[in-house]
Undergrad: 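One structure follows; several queries about it will come next.
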Amino acid sequence: MNVTVSTGIEELKRQFSSASFKIREDSQGGAYVVMEPVPIGSKYRPETTWIGFQIPAQYPYADIYPVFMGSDVTRADGADIKEPLTRNHRFEDRTAIQISQRNSTAQNGLQKATTKILKVLHFLEKLP
């Protein structure tokens with residue numbers, strides 16, 4: 001794994017210090033990351049889940065996309081999970097919900113892994 005990816009992972013570990021991490025190198029300089037538990041807010045049941053994603057070798061000049069969370073997550077209000085969240089995906093041998101939240105400015109190297117995951121968590125909190 002290249003140094004920028006490993007630095008991004010170390011920053012994630014500091015930001016999400018209560019989570020455990022599973023890291024798997026992708027053989028191209030990037031890594032697959034699963035962190036858990038991660039709080040996703042009272043809008044969801046359970047209020048914590050795992051979050052997974054690939055940090056590509058081109059990081060920080062490539063977006064971390066898509067991001068996944070546990071397939072057992074439901075909305076607390078009983079409403080269906082709907083786009084831009086989609087069920088029936090897999091990530092690192094886990095059933096998953098895909099969170100489609102792309103960053104079009106990633107090629108400018110303006111977003112760190114911690115920033116991306118925090119934005120995704122904020123997006124989940126604000127999703128109607």
Side-chain angles (χ1 to χ4, degrees):
M1 144 183 8
N2 71 41
V3 70
T4 57
V5 172
S6 61
T7 299
I9 291 169
E10 290 308 311
E11 291 169 351
L12 283 163
K13 287 179 177 179
R14 283 191 297 277
Q15 178 70 42
F16 296 94
S17 59
S18 63
S20 64
F21 284 76
K22 281 182 82 175
I23 312 297
R24 183 173 66 84
E25 293 187 35
D26 71 3
S27 77
Q28 298 173 0
Y32 297 97
V33 177
V34 175
M35 43 193 247
E36 66 181 316
V38 177
I40 55 173
S42 60
K43 187 182 252 185
Y44 300 96
R45 297 289 178 264
E47 292 184 22
T48 63
T49 190
W50 62 268
I51 299 288
F53 47 91
Q54 179 185 20
I55 301 177
Q58 300 81 6
Y59 172 83
Y61 298 100
D63 194 13
I64 296 170
Y65 177 87
V67 175
F68 299 92
M69 68 179 172
S71 64
D72 61 333
V73 172
T74 60
R75 288 183 49 133
D77 65 6
D80 288 336
I81 296 281
K82 58 184 177 187
E83 290 184 357
L85 307 179
T86 54
R87 293 193 176 278
N88 302 318
H89 293 275
R90 293 195 66 77
F91 183 78
E92 291 294 282
D93 294 324
R94 298 171 182 230
T95 57
I97 295 171
Q98 180 176 305
I99 306 164
S100 295
Q101 189 64 12
R102 196 174 280 285
N103 175 15
S104 61
T105 62
Q107 71 276 4
N108 298 329
L110 300 175
Q111 182 168 258
K112 295 184 175 266
T114 53
T115 304
K116 172 65 181 221
I117 300 309
L118 289 170
K119 281 184 177 181
V120 166
L121 294 173
H122 179 75
F123 168 76
L124 288 172
E125 181 183 317
K126 298 300 179 191
L127 192 63

Undergrad: Can you give me every donor-acceptor pair (side chain of residues 79-88, partner residue at least two apart or in another chain, under 3.5 Å) with its distance?
TA:
unit_1	atom_1	unit_2	atom_2	d
T86	OG1	H89	NE2	2.8
R87	NH1	S71	O	2.8
R87	NH2	V73	O	2.7

Undergrad: Please determine which of L12, T4, I23 meets the side chain to side chain contact (heavy atoms under 4.5 Å, CB included) test together with I55.
TA: L12

Undergrad: Can you run down the salt bridge (Lys or Arg N to Asp or Glu O under 4.0 Å) pairs that involve residues 15-35, sequence neighbours left out, and say none if there aren't any?
TA: R24-E92

Undergrad: If you measure from OG1 on T114 to CD on E10, what distance do you get to the nearest 0.5 Å?
TA: 12.5 Å

Undergrad: Would you call E47 and R45 a salt bridge, taking side-chain N to carboxylate O under 4.0 Å as the test?
TA: yes

Undergrad: Got a second to check how far R90's CZ is from F68's CZ, nearest 0.5 Å?
TA: 11.0 Å

Undergrad: Look up atom NZ in K13 and atom OG in S20, then write down how far apart they are to the nearest 0.5 Å.
TA: 10.0 Å

Undergrad: Quick one: are V120 and F53 in side-chain contact, heavy atoms under 4.5 Å?
TA: no

Undergrad: Anything under 3.5 Å between a donor and an acceptor, one on a side chain of residues 31-43, the other on a protein residue two or more places apart or in another chain? List them.
TA:
unit_1	atom_1	unit_2	atom_2	d
E36	OE2	R94	NH1	3.2
E36	OE2	R94	NH2	3.0
K43	NZ	E125	O	3.1
K43	NZ	L127	O	2.0

Undergrad: Going from CD1 on I64 to CD on Q54, what distance comes out if it is rounded to the nearest 0.5 angstrom?
TA: 9.5 Å

Undergrad: Check whether any side-chain heavy atom of I97 lies under 4.5 Å from a side-chain heavy atom of T49, and answer yes or no.
TA: no

Undergrad: Any non-hydrogen side-chain atom of L118 less than 4.5 Å from a side-chain atom of F16?
TA: yes

Undergrad: Side chains of K112 and Y59, heavy atoms from C-beta outward: is any pair under 4.5 Å?
TA: yes

Undergrad: Taking the side chain as C-beta and beyond, is there a heavy-atom pair between P56 and Y61 under 4.5 Å?
TA: no

Undergrad: Does any part of the side chain of M69, heavy atoms only, come nearer than 4.5 Å to the side chain of W50, both counted from C-beta?
TA: no

Undergrad: How many angstroms lie between NE2 in H122 and CD1 in I117, if you round to the nearest 0.5 Å?
TA: 14.5 Å

Undergrad: Which value, rounded to the nearest 0.5 Å, describes the distance between F21 atom CZ and I51 atom CD1?
TA: 11.0 Å

